[in-house]
Undergrad: 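Got a structure for you, questions after.
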Amino acid sequence: MNRYPLWKYVIVALALLFGLVYTLPNFFGESPAVQVSSAKATLKIDEKTRERVARVLQTAGIESNGIFLDSNGVKVRLQTTDSQLQAKDLLEKQFNPDAGDPQYVVALNLLSSSPRWLTSLHALPMYLGLDLRGGVHFLLQVDMKGALTKRLDSISGDLRSLLRDKTVRHAGITREGDRVVIRFRDNETRNKARVVLEDSQSDLLLVDQGEGDDLRLVATLKPEAIKRIQEFAIKQNMTTLNNRINELGVAEPVIAQQGADRIVVQLPGVQDTAKAKDILGRTATLEIRMVEETAGALEAAQAGQVPFGTELYVERGGMPLLVKKQVVLTGDRLTDAQPGFDNQTNEPAVHLTLDSAGARIFKDVTRDNVGKRMAIVLIEKGKGEVVTAPVIRAEIGGGRVQISGRMSTMEANDTALLLRAGSLAAPMEIIEERTIGPSLGADNIQKGFQSTMWGFAAIAVFMIAYYQLFGLVSVIALASNLLFLVALLSLLQATLTLPGIAAIALTLGMAIDANVLINERIREELRNGSSPQAAIHTGYERAFGTILDSNITTLIAGIALLIFGSGPVRGFAVVHCLGILTSLFSAVVVSRAMINLIYGRRRKVESLAIGQVWKPANVGAAEIK
Amino acid sequence: MEFFRIRKDIPFMRHAVVFNVISLLTFLLAVFFLFSRGLHLSVEFTGGTLIEINYAQAANLEKVRESLGKAGYSDFSVQNFGSSQDVLIRLPLKAEQNTARIGESVMQALDAEAPGATLRRVEFVGPQVGRELAENGALALLLVVVGIVVYLAFRFEWRFSVSAIIANLHDVIIILGFFAFFQWEFSLSVLAAVLAVLGYSVNESVVVFDRVRETFRKVRGLTTPQVLDHAITSTISRTIITHGSTQMMVLSMLVFGGETLYYFSLALTIGICFGIYSSVLVASPLVMWLGVSREQFIRPKKQIEGANEDGAVV
């Protein structure tokens, strides 16, 4: 009765083999590597890039342990960290000759040193969380209300130029909260305007209001338009973040949406956290407005009387500037900003590219305002700053704008970066930040590993002393549980964090319960006078129901944590849940297979090596050893 | 080796009232401390900034405090973290501060007065995150409670599920009471530990209840207290050994896991100790008082003779 059919042994053997293969990569450690990936969406990394990397390294005489091409880019494995740094500098120079306009991201990385046959089986080491390898983690909240307000502002601009194009006379367009109000003097014009707007602005819901002289057309955004704008805002912000992070040269950045309005950014292994924060933390929006140049207005504003419809700003040079509140263009019309040089004068300049709607507006505005100044205002956390306020020399069409004059190369670079940074669809705010130094990460791994090891050792010693052979079987089952768990985590590439390691330890501590239940049951059966074979059989059988029940209750708790947990709790919950599942298999099936192998094949079993089974004297039977 | 050589069933149920009174008193004390002292919530819940720095030699906390004060910070706390070289600085949430730079500005401030520090970790949590975490924690607790009650009611009987959850929820309150009394830091990982313990100690009750059901079915002529005594006595050896093993693991985390895992394993330790007590000695009497009896576990015999399999009678 204690024999498994062959297929069960085969399954156990296969499971153990699977566990072993997928756990293996974790033992090989990592070797230094350099990664070359594309910094531009248009630039593809392919076999040619790989060959180029190989050629560059060969001519410089830097020996590599293999150059691979994968979905992230070209990765070069190197022997020492010294040659890693050398290779990085060299590749940086060769691939990005113009430091101001990098085409490629050249970053330091670590590669698993496991042999190639393992990697080809997708057997990779566990994916370590930031708390174990060091790095920066940000949670950014996208200000959706801000995104809508911005959109409405630019819509009111669109409406203004639309009505002017169609020569519909209105008495003013203003944004009031989340609506745009257009005023009219007579009903006929309003009806005309309504027809025009309904044709071209499908996102707007138009309602008539007011009477007599004060006729209004109130436009609000349709719910589906709001949803689309919000989705677009978060996508746009993620793209912008992606571009900014590319400037940092991080090997494996994680930029992911969390919930409806949040973005998680993780930069593993980043040492220069200050720069990362500097670039990411710049949560800015950009607006182009006209400068108020009426004589005396600036002086009045400085005296404290800011004229209606204008705001007083300070230019980056420190000069005061009076800027109209009306927004000509917002940053989302800006598709690119690059530092460069003026073709004729060779002065440093910033080249801007606008999208088609932006180009049209820009053409109109520059045509009407030749000789006047326009201000590019960067708004960071509600505070505005004029980045630059160039004079319009001529009408500019085609959406390609050049700002030049009175700036150094450095300033051109800065301005371009600021302008690019400004092309976020909605303001963002860092609501959670975690920076973990690399030494702390290594410490955490060490501590987690030691806890698990010593805990396991203590349990093993006790179990073997108390249950002898059955204890040994239990310990082997527990070890196989650890093997399965690590293999699963490696296979799923679930992020392992310190709480995750704690969960491994705790799960092992809890999983031994199943074997204790079984062993106690077997002893009890022996105490009640069962034969050894029958005791094993009923012991396993009876204990199974209990094991199942108790594991399911634990699993319920684990799943609740998985659903509602975030950050460290989630890392804990994933491992905890997986561990409960693997422990069911290892404690029941693997340990039974071993016991069956040991006892099941024997004809006659006199006694079981399960430690001393004490019987109350009044039962009157001899002790079974 | 055999630790437990018990001849007769131990009459636990005779002292049921005593166990429950002890339990009730502990529970009330815990509630009292929770209200009077409150939990010392970590940055994750309250929002704020946490900075861990490391000195090559023993850190001079006074100097650190001084330099932060000079740099214009207020309401901060500075303490050792694990060793005398590691220092943990906590800064409250301030609306005006540029959060992205707080790490650097603190390091700059320290360089002036207490140089030689290396930055190990910065954690900043905004106000909206904290509230959400607390809400999610409460929801997770609710889901665990409902899930366990439903599962146990389905597998056993409502009396069992109600008493198991009462016994184990009061464990949760007691753990929280400890954290309130000693003003230990209550962080997200402690919350995870508390919920894990809840699932774990319920499984303790399950083991006993399993035995109760089995005994009711197999042995006739025992009173309910006798059945409960028998069930507890026959599982006590497993209870102690299992919890002992789990505790060995937790102890190992407590010793080797460093400061980060310290409170996590502390919560587990309290949970395990009180879990044994309450899930055995509190849950079982509750089942008894709720009126569990043999009839609930034996399927009633078909009353009408001659009925066919469908139960139809002509």
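Predicted, not measured: the structure shown is a model, and the values here were computed from it. Labels below follow one simple rule: chain letters A, B, ... track the order of the sequence lines, proteins then strands, and each chain is numbered from 1.
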Undergrad: Tell me which of these, A/Asp131, A/Leu440, A/Ile547, has more heavy-atom pairs under 4.5 Å with chain B than the rest.
TA: A/Leu440

Undergrad: Go through it in stages, so that I can follow the logic: the residues are A/Leu506 and B/Met249, the test is side chain to side chain contact (heavy atoms under 4.5 Å, CB included), and I'd like the CA-CA distance, side-chain angles, deciding distance and then a yes or no.
TA: CA-CA 7 Å; A/Leu506 187 64; B/Met249 200 51 126; over 6 Å; no

Undergrad: Find the distance between NE2 (A/His137) and CZ (B/Phe124) and round it off to the nearest 0.5 Å.
TA: 11.5 Å

Undergrad: Going through the distances and angles, do B/Glu132 and A/Arg262 end up as a salt bridge (Lys or Arg N to Asp or Glu O under 4.0 Å)?
TA: CA-CA 13 Å; B/Glu132 236 175 69; A/Arg262 289 189 180 164; 2.9 Å; yes

Undergrad: Please assess A/Arg521 against B/Arg238 for the test side chain to side chain contact (heavy atoms under 4.5 Å, CB included), listing each intermediate value before the final yes or no.
TA: CA-CA 9 Å; A/Arg521 255 293 149 107; B/Arg238 170 265 160 196; over 6 Å; no

Undergrad: Can you find a side-chain donor-acceptor pair between A/Asp549 and B/Tyr151 that sits under 3.5 Å?
TA: yes

Undergrad: Less than 4.5 Å to any heavy atom of chain B: does that hold for the side chain of A/Asn515, its backbone, both, or neither?
TA: neither

Undergrad: For the OH atom of A/Tyr466 and the OG atom of B/Ser245, what is their distance to the nearest 0.5 Å?
TA: 10.5 Å

Undergrad: Roughly how far, to the nearest 0.5 Å, is the CG atom of A/Leu517 from the OG1 atom of B/Thr242?
TA: 5.5 Å

Undergrad: What part of B/Glu204 is in contact with chain A, defined as an atom under 4.5 angstrom from a non-hydrogen atom: side chain, backbone, both or neither?
TA: neither

Undergrad: What part of B/Glu135 gets within 4.5 angstrom of chain A, counting heavy atoms only: side chain, backbone, both, or neither?
TA: neither

Undergrad: Side chains of B/Met248 and A/Phe462, heavy atoms from C-beta outward: is any pair under 4.5 Å?
TA: yes

Undergrad: Is there a side-chain contact between B/Arg121 and A/Thr435, using heavy atoms and a 4.5 Å cut-off?
TA: no

Undergrad: For side chain to side chain contact (heavy atoms under 4.5 Å, CB included), just list the numbers for A/Tyr467 and B/Ile241, CA-CA rounded to whole Å, side-chain angles, deciding distance to a tenth of an Å, and then say yes or no.
TA: CA-CA 11 Å; A/Tyr467 293 117; B/Ile241 289 170; 3.5 Å; yes

Undergrad: Please classify the contact of B/Leu142 with chain A as side chain, backbone, both or neither, using a heavy-atom distance under 4.5 Å.
TA: neither

Undergrad: Of the non-hydrogen atoms in B/Gly199 and A/Ala557, which two are nearest, and what is the gap between them?
TA: CA-CB, 3.8 Å

Undergrad: Is B/Arg155 close to chain A through its backbone or its side chain, or both, or neither, when contacts mean heavy atoms under 4.5 Å?
TA: side chain

Undergrad: For B/Leu50, which atoms come within 4.5 Å of any heavy atom of chain A: side chain, backbone, both, or neither?
TA: neither

Undergrad: Under 3.5 Å, is there a donor-acceptor pair linking the side chains of B/Asn203 and A/Thr553?
TA: no

Undergrad: Heavy-atom pairs under 4.5 Å with chain B are the metric here; pick the option from A/Ala503, A/Ala505, A/Pro499 that has the most.
TA: A/Ala505

Undergrad: Select one option (side chain, backbone, both, neither) describing which atoms of B/Leu198 are under 4.5 Å from chain A's heavy atoms.
TA: neither

Undergrad: Taking side chain as everything from C-beta outward and backbone as N, CA, C, O, which of these in A/Phe449 sits under 4.5 Å from a heavy atom of chain B? Side chain, backbone, both or neither.
TA: neither

Undergrad: Using heavy-atom distances under 4.5 Å, tell me whether B/Phe209 contacts chain A through its side chain, its backbone, both, or neither.
TA: neither

Undergrad: Is it the backbone or the side chain of A/Gln141 that comes under 4.5 Å from a heavy atom of chain B, or both, or neither?
TA: side chain

Undergrad: Which one wins on heavy-atom pair count under 4.5 Å against chain B: A/Gly448, A/Ser451, A/Gly455?
TA: A/Ser451

Undergrad: Using non-hydrogen atoms and a 4.5 Å limit, figure out which bit of B/Glu52 sits close to chain A: side chain, backbone, both or neither.
TA: side chain

Undergrad: Against chain B, label A/Ile563 side chain, backbone, both or neither, depending on which of its atoms sit under 4.5 Å from a heavy atom there.
TA: side chain

Undergrad: For chain A, find which of B/Thr246, B/Asp86, B/Leu251 contributes the most heavy-atom pairs closer than 4.5 angstrom.
TA: B/Thr246

Undergrad: Which pair of non-hydrogen atoms, one from B/Asp210 and one from A/Gly545, has the smallest distance, and what is that distance?
TA: OD2-C, 4.3 Å

Undergrad: What pair of heavy atoms forms the shortest contact from A/Ala502 to B/Leu261, and how long is it?
TA: CB-CD2, 3.7 Å

Undergrad: Considering only heavy atoms, which portion of A/Glu524 lies under 4.5 Å from any heavy atom of chain B: side chain, backbone, both, or neither?
TA: side chain

Undergrad: Please examine the side chains of A/Lys447 and B/Met253, heavy atoms only from C-beta on, and report whether any two atoms are closer than 4.5 Å.
TA: no

Undergrad: Just give me the residue among A/Leu561, A/Asn519, A/Asn551 that pairs up with chain B most often, heavy atom to heavy atom, under 4.5 Å.
TA: A/Leu561

Undergrad: Could you tell me how the ring of A/Trp454 sits relative to the ring of B/Phe256: parallel (under 30°), tilted (30 to 60°) or perpendicular (over 60°)?
TA: parallel

Undergrad: Could you look at B/Leu133 and say if it's the side chain, the backbone, both or neither that has a heavy atom under 4.5 Å from chain A?
TA: side chain

Undergrad: Provide the closest heavy-atom pair for A/Met510 versus B/Ala196 in the form atom of the first, atom of the second, distance.
TA: CE-O, 4.2 Å

Undergrad: Does any heavy atom of chain A fall under 4.5 Å from the side chain of B/Val207, the backbone, both, or neither of them?
TA: both

Undergrad: Measuring only between side-chain heavy atoms, which start at C-beta, is A/Asn444 closer than 4.5 Å to B/Thr260?
TA: yes

Undergrad: Which one, A/Leu508, A/Ile512, A/Ile552, leads in non-hydrogen pairs under 4.5 Å with chain B?
TA: A/Ile552

